[in-house]
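Notes follow once the structure below has been shown.
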Amino acid sequence: MMIYEKNMQTIKEYHKRLYEYMETAVSSNPVEICYETAENGRMYPIVIKDGMKYSLNSRYNPEKASIQYVSQFEKKNAYSVFFIAGFGDGRSIKILADSIDNTMTLVVYEPSLNIFKKTMELFDYTELLRKDNVFLIVESEHLLQDYVESGINFNNIRMLRLGILPNYDVVYPNECKHMLETMVYFMNKTKIYRNTIYNFRKEFATHALSNMYDYLWQTDTYWLKKRLADENITDVPAIIVAAGPSLNKNVKELKKAKGKALILVVDAALRAVLKEGIKPDLGMTIDARVPERFFEGINISEFPFVFEAISKEDIVRKHSGKHFYDDFPCNIIAKIVMEKKQYCLEEIATGGSISTSAFSLVKALGFKKIVFIGQDLAFTGGQTYNSGLKMEQKENEEYQKKRVIVQVKGNDGTMLDTDYQMDMYRKWIENEILKLPEDITVINATEGGAKIEGAKVMTLKEVIDSCTKEIDFEKLLQEVPLAFSEEERQDIINEIKEEPRRLEEVKENIRKATEVAEQLEHASKYGNVEEQKKLLTEFGNLNEKIQKEPVQDLLLYYNSEIEFSIGDDILSADLTIPDLCNRAKTWYKGYEAAVDSLIADLHEKFIDRL
C-alpha cells in the first residue's frame, strides 16, 4: 500500500468527517506545492503563490527547525488546548503531538487542501493520525467552527495556546486571521455563558425545578417534530418575528402569512404583533428574567408557547394553554424520560438571545426556509425596540449610553450603530448559516437593520407571495399529543419523590471524598508514596461518581461561584498535593451546601405542589 493510501485509510478510520470532506472537496485555496531537498538531505515544502516562493520549513535542517518551533510550547499545563494554523510538512505537528499528554488537545487548521494532500503522499503519519487528542481541519469551515467551539470551555479558557507555522501568516494571512477571530469569538461566547450561569444561578435552578413539574402535564418538541413530519413542510417558511425597530415597517404584512407559514413570535415582539390583530402560531420566551412589560395587556394562554428549562416560572405558570419544552428542564427528568420513553430532545443551540434560540428550534423541527423579520441586530433609526414596547425616547437614549457601541454594515449598505452583545448574536447566526446543509435557506426579511452574511435578502411580501402551500398550524399544534400518559406521569412523580433520599447519598459521597482529601494531604506531608497512590485512586473514583450524578447540572448552578474560582485555580497554577487537597475540600464544602439547597428547592418547587 502506498503512503498516501495508508494515511487516507487511517484518516477514514479516525477522522471520518475530514475523510468525507476530502473525498469531495475542491480546494478553494489553490497553490502550487512542491518539496525540495534541504542542505541536510531532507525534504522541505515550498509554496508558490503569485510567482513568489515561500518555504514552510527550514531549507537547512527541517527537523531541527521544527524542534525549535515547538520549544515555544515547552511549558505546558494539564488540560491545555493548542490551536495551530498550518500543517505544512507535519514535522512540527508530530513533535508537538508527541510532547503532550492525554489531558491536552491539539487542533490543527490547514488552509490548503493541496498542501495537506501533498504531505500525505510523502510522509507516513499514521501514528499521528491515530492520536485521539489530535483534531485536523483542512479548509472546511464547518470543521473549523465545530472543533474550535468544542475545544473551548469555561474550565480551559485560560489554558489556550495559539501558534502559526512559519510563513503561513504570509501565504494565508486572511485564513490565519479568520482562525484567530473564530477563537476570539468562541472565547467571548464562553465568557458570556459563564457569566450568565453565575449571575442567574439561583433563577436557573428554581425555574428548572418548577418547570419540571409543569412539563409533566405538557409536551415537548419531540412530539411536535413527529407531527410536523406528517406534513410536507419543505416549501413552508418558518417566520421568526423578532422585536427590532424595523418590525414597524412590515408587521401589518404578517397577517397575510397566516396559514401559509409558521409564525413564531418572540416575547418582546408579542405586543406589536397582537396590536395588529395577528394571532401567533407560537410564542416563545426563554429568559430567566424576562421583563413583565413584554406581556402587559396580553392573554398569553390564547396561543401555544415554547419554553425552555430556565424560562421564567411566573410566566410559565400563567400560561394555561398548550406549550412545548424544547429541552428537558433538568437531567433528573431527562434521565427518566430517556429510560422510560426511549427518546431524547434534540439539542437547541443558543447564541445567547431569544431569536437565536428560535432559529435553532425551527431548524431542529425540520423547516427548510427560515425567515427573520424584526431582526435588526442594530439601533435602526436610533431605536432599540419596535413601537409595540413603547420605550420612551429618554429611556431609549439612556439604555444605549450604557452599551458598548460598535458599527456594522446595514442591509442597505449604510453603517449602523449596534452594541457588542447584538453583534455577537449576528456573528453567531452567520456561523450557524455556514454550517447549514444546502437545502436550508435563511432569509432576512427585516427590511432594515444589520446585514447578516449568508442570509438572502427579501421583503416579507416577496416571501409570502412565494408561499405555495397552506397549513392550519393552529389545528396542527393542538393535535400534538401530551408527552406523558396519566400512568407514566405518576410513575415519574414517584421516582422524583425519591430524589431527596438519593441526594442524601450524594452528600454522603461528598463527605467521603472530603475525608479522603484530608487523608491524602496528611500522607503527602509524611512522604508516604504508596498511601498517596492508594488515596489518589480512591479520591478519583469518588469524584468521578459525584460528577456523573444526574443532578450535577443543578448543583453547578448552586455552587457556580466556588466551581469557577476553584476550577480556574487548579487548571492555571502549579499546585502541590496539599494545595490541591485544600481546594478540593473547599469545592466539596460548596457542593455539600448546594445539595442542601437543592433538596429544599425540590420540595418547594415540585414535591410540595403535588
Among Y198, F204, Y591, the one residue meeting ring-ring contact (aromatic ring centres under 6.0 Å, His included) with Y557
F204

Looking at [Y] and [X], is any side-chain nitrogen of the basic one under 4.0 Å from a carboxylate oxygen of the acidic one?
X    : Y    : value
K369 : D235 : no
R130 : E13  : no
K53  : E36  : yes
E231 : R227 : yes
K225 : E346 : yes
E149 : K435 : yes
R42  : E63  : yes

Side chains of [X] and [Y]: does their closest heavy-atom pair fall under 4.5 Å?
X    : Y    : result
K335 : F328 : no
I452 : I433 : yes
M338 : Q342 : no
F367 : L228 : yes
P166 : N57  : no
I48  : V31  : no
I3   : E121 : no
Y35  : I46  : no

Quick one: do Q9 and E5 satisfy side-chain hydrogen bond (donor to acceptor under 3.5 Å, both in side chains)? Show the steps, please.
CA-CA 6 Å; Q9 181 61 38; E5 282 71 25; over 6 Å; no

Quiz question: by atom type and distance under 3.5 Å, do the side chains of [X] and [Y] form a donor-acceptor pair?
X    : Y    : answer
Y125 : T10  : no
D132 : Y14  : no
Y425 : Q421 : yes
S357 : S360 : no

For F135, enumerate each residue passing the ring-ring contact (aromatic ring centres under 6.0 Å, His included) test, keeping only those at least two apart in sequence or located in another chain.
Y147

If a pair satisfies salt bridge (charged side-chain N to carboxylate O under 4.0 Å, His left out) and one of its residues is in residues 161-174, list it, with sequence neighbours excluded.
none

May I ask you to decide if [Y]'s main-chain N or O and [X]'s side chain share a donor-acceptor pair within less than 3.5 Å?
X    : Y    : answer
S58  : N61  : yes
N444 : A455 : no
S80  : M104 : no
E308 : I310 : no
T446 : G449 : no
Q407 : M415 : no
N195 : K191 : yes
Y168 : G88  : yes
D423 : D419 : no
D327 : A309 : yes

With under 30° as parallel and over 60° as perpendicular, where do the rings of [X] and [Y] fit, or are they tilted in between?
X    : Y    : answer
Y69  : F73  : perpendicular
F116 : F87  : perpendicular
W223 : Y343 : perpendicular

For K340, what residues pass the salt bridge (Lys or Arg N to Asp or Glu O under 4.0 Å) criterion, not counting sequence neighbours?
E495

Mind checking salt bridge (Lys or Arg N to Asp or Glu O under 4.0 Å) for E438 and listing every partner two or more places apart, or none if nothing turns up?
none

Between N232 and T234, does a side-chain hydrogen bond (donor to acceptor under 3.5 Å, both in side chains) hold up when you go through it step by step?
CA-CA 6 Å; N232 182 1; T234 302; 2.9 Å; yes

Quick check: closest heavy atoms across [X] and [Y], and the distance to 0.1 Å?
X    : Y    : result
P550 : N331 : O-CB, 2.9 Å
M179 : I84  : CE-N, 3.7 Å
G86  : V108 : O-CG1, 3.5 Å
V406 : Y420 : CG2-N, 4.4 Å
N7   : T126 : OD1-N, 3.4 Å
E139 : P111 : CG-O, 3.0 Å

Restricting to side chain to side chain contact (heavy atoms under 4.5 Å, CB included), what partner residues turn up for K534, sequence neighbours left out?
E531

Y193 meets the side chain to side chain contact (heavy atoms under 4.5 Å, CB included) criterion, sequence neighbours left out, with F154, I197

Gap between atom [atom2] of [Y] and atom [atom1] of [X] - 0.5 Å precision:
X    : Y    : atom1 : atom2 : result
L434 : L436 : CG    : CG    : 8.5 Å
D326 : L224 : CG    : CG    : 10.5 Å
L542 : Q547 : CG    : CD    : 12.0 Å
N411 : Q375 : CG    : CD    : 11.0 Å
K117 : M8   : NZ    : CE    : 7.0 Å
D146 : S140 : CG    : OG    : 8.0 Å

Worked check of ring pair (Phe, Tyr, Trp, His ring centres under 6.0 Å) between Y222 and F324
CA-CA 9 Å; Y222 171 82; F324 305 85; over 10 Å; no

Counting heavy atoms not belonging to [X], are there more than 12 under 6.0 Å from its [atom1]?
X    : atom1 : value
K226 : NZ    : no
Q552 : CD    : yes
D101 : CG    : yes
K64  : NZ    : no
K12  : NZ    : no

